[in-house]
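Here's the structure, in structure tokens; my notes come after.
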Protein chains: 2
Amino acid sequence: MTRARLLEVAIAHFGRRGFEGASTRDIAAAAETAMSSITYHFGGKEGLYLACADHIAAQVRERQTEAFALFVDAAALTREDAIARILLIGDSMAVMMLHPASADWARFIVREQQDPTEAFDRLWEGVMKDLLLGVQALLSRVCPDHSQPELRALALLLFGQVMVLRSARASVCRALEVDELGPDEAALLRKRLRRNTIAVLNAETEE
Amino acid sequence: MTRARLLEVAIAHFGRRGFEGASTRDIAAAAETAMSSITYHFGGKEGLYLACADHIAAQVRERQTEAFALFVDAAALTREDAIARILLIGDSMAVMMLHPASADWARFIVREQQDPTEAFDRLWEGVMKDLLLGVQALLSRVCPDHSQPELRALALLLFGQVMVLRSARASVCRALEVDELGPDEAALLRKRLRRNTIAVLNAETEE
DNA sequence: GTCTATACTACGATAGAC
DNA sequence: GTCTATCGTAGTATAGAC
């Protein structure tokens, strides 16, 4: 499939060099097709860019199917079960962020986060919104007294711990004195994430 | 100063569009000078890019002078004082990340974090290394039993909570249902950061 | 559907006037 | 130090063959 190959290559190129920096020539060449295939399949460079966003949203959603399943019936859970689910979701996200395959699309997302275009709307509506609302619902079981904005802020900062594994990867590697994150570093970071999350949620529960 | 104006403009342009995406034509025009001034002052596009990294490092270091001062004599502190200092540093970083002025250089840094070039070395050696080592030293007062890698992982995830305010700004705004972060949102996020940090550090202390 | 060929614009670098 | 002028290259888009 020329179309599928173009999408995959384009996500990598747009992610690394940005919309303007990436060239349709390079993308077409790397996908082993002609430049005009982009016009045919996506209408042009911009169409290809937006299609990348849709593809990423679908891909992340598929990869996190098990995590999304943990959002159902949140209101009926005990506090302990809600905490357990939050820990599972956080770890699932961490594993994804630590996996090499997430590098390309994560670059794309981080770029859109800082300079949102129409592509960000698609990413947000496609996955992020549901992910954040889901965690918020679980958090409201853990901290029933918190206001909705407080729960959202909590969810965002918890996500921040996970996202730093991608968005500041170079510093993570430098700090841990490795060239790239291996199994040992992954285990260390996941353990730390789990313990931090437990600490935060327990502190909120005690009050 | 043509040189200073070029640096400021270039950080914004490189941050938004990346090294390849940004054009020396646009940078020169925005700095109200000729394109050849870049050649004269920085030797070319790449020289300008590296000079941007140095400038950012110096700028952040200057802006965080008070925070860096909190690193001195870490070994002699009580656990409570070390925690208090970590909270101050975290809040100082959060204020910086929430301030509109950090948008341009933060884009530059986040980009380098995901695709490090020689510019990342300059950012790391210029500020980040000392910042992370400093926090690590304070953390070792709080959790004297932890290994160095454990302390580094802890420091990284704590930073992640702060960095998410910039690196995922679009999602933060969407989640809080605002177009941009105002004083109310800033207060909410800073409070949450503080409480999370206290919770994490207390949990580690108890064991 | 995928290719080649081409039109037109914008890129970075540099030479040389002032 | 800063400008204008220009060179060679690389960008996107599109027309048209197959």
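Convention: sequence-line order gives letters A, B, ...; per-chain numbering from 1.
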side-chain N/O B:Tyr40 vs D:dT2 OP1/OP2, d < 4.0 Å: no
Atom-pair distance (CD1 on B:Ile38; P on D:dG1), nearest Å: 17 Å
Among D:dA13, C:dT2, D:dC3, the one nearest A:Lys45 by side-chain distance: D:dA13
Between C1' of C:dT2 and CG of A:Leu6, the distance in whole Å: 11 Å
Minimum heavy-atom distance B:Arg190-B:Ala94, with the two atoms named: CG-CB, 4.3 Å
Whole-Å gap separating P (C:dC3) and CD (A:Glu32): 10 Å
B:Glu8 side-chain N/O to B:Arg5 backbone N/O, donor-acceptor pair under 3.5 Å: no
Given C:dG12, D:dG11, C:dC3, the nucleotide with the shortest approach to the side chain of A:Ser23: D:dG11
Nearest-nucleotide pick for A:Met35, side chain only, options being C:dT2, D:dA13, C:dG12: D:dA13
Side-chain donor-acceptor pair present, A:Gln114, B:Ser167, cut-off under 3.5 Å: no
Distance in angstrom units between A:Ile27 CD1 and D:dG11 P, rounded: 11 Å
Polar side-chain contact A:Ser36-C:dC3 base: donor and acceptor under 3.5 Å: yes
Nearest-angstrom distance from the residue atom CD of B:Glu20 to P of C:dA13: 12 Å
Shortest side-chain distance from A:Asp26, nucleotide among D:dG11, C:dG12, C:dG1: D:dG11
Distance, rounded to the nearest Å, where B:Tyr49 contributes OH and C:dC11 contributes C1': 18 Å
Rounded interatomic separation in angstrom, taking CE from B:Met1 and C1' from D:dT2: 13 Å
C:dG1 OP1/OP2 closer than 4.0 Å to side-chain N/O of A:Thr2: no
Check: B:Ser102/B:Arg166 side-chain N/O donor and acceptor closer than 3.5 Å: yes
Touch class at under 4.0 angstrom, heavy-atom based, for B:Ala31 against every strand present: nothing
Distance below 4.0 Å between B:Arg25 side-chain N/O and C:dA10 OP1 or OP2: no
Any A:Thr33 side-chain N or O less than 4.0 Å from OP1/OP2 of C:dT2: no
Verdict with supporting geometry, B:Met128 and B:Gln113, side chain to side chain contact (heavy atoms under 4.5 Å, CB included): CA-CA 11 Å; B:Met128 295 175 157; B:Gln113 293 268 13; 3.3 Å; yes
Sugar-phosphate only, base, or nothing, as touched by B:Thr39 at under 4.0 Å among non-hydrogen atoms: base
Whole angstrom value for the distance that separates P of D:dG11 from CZ of A:Phe14: 13 Å
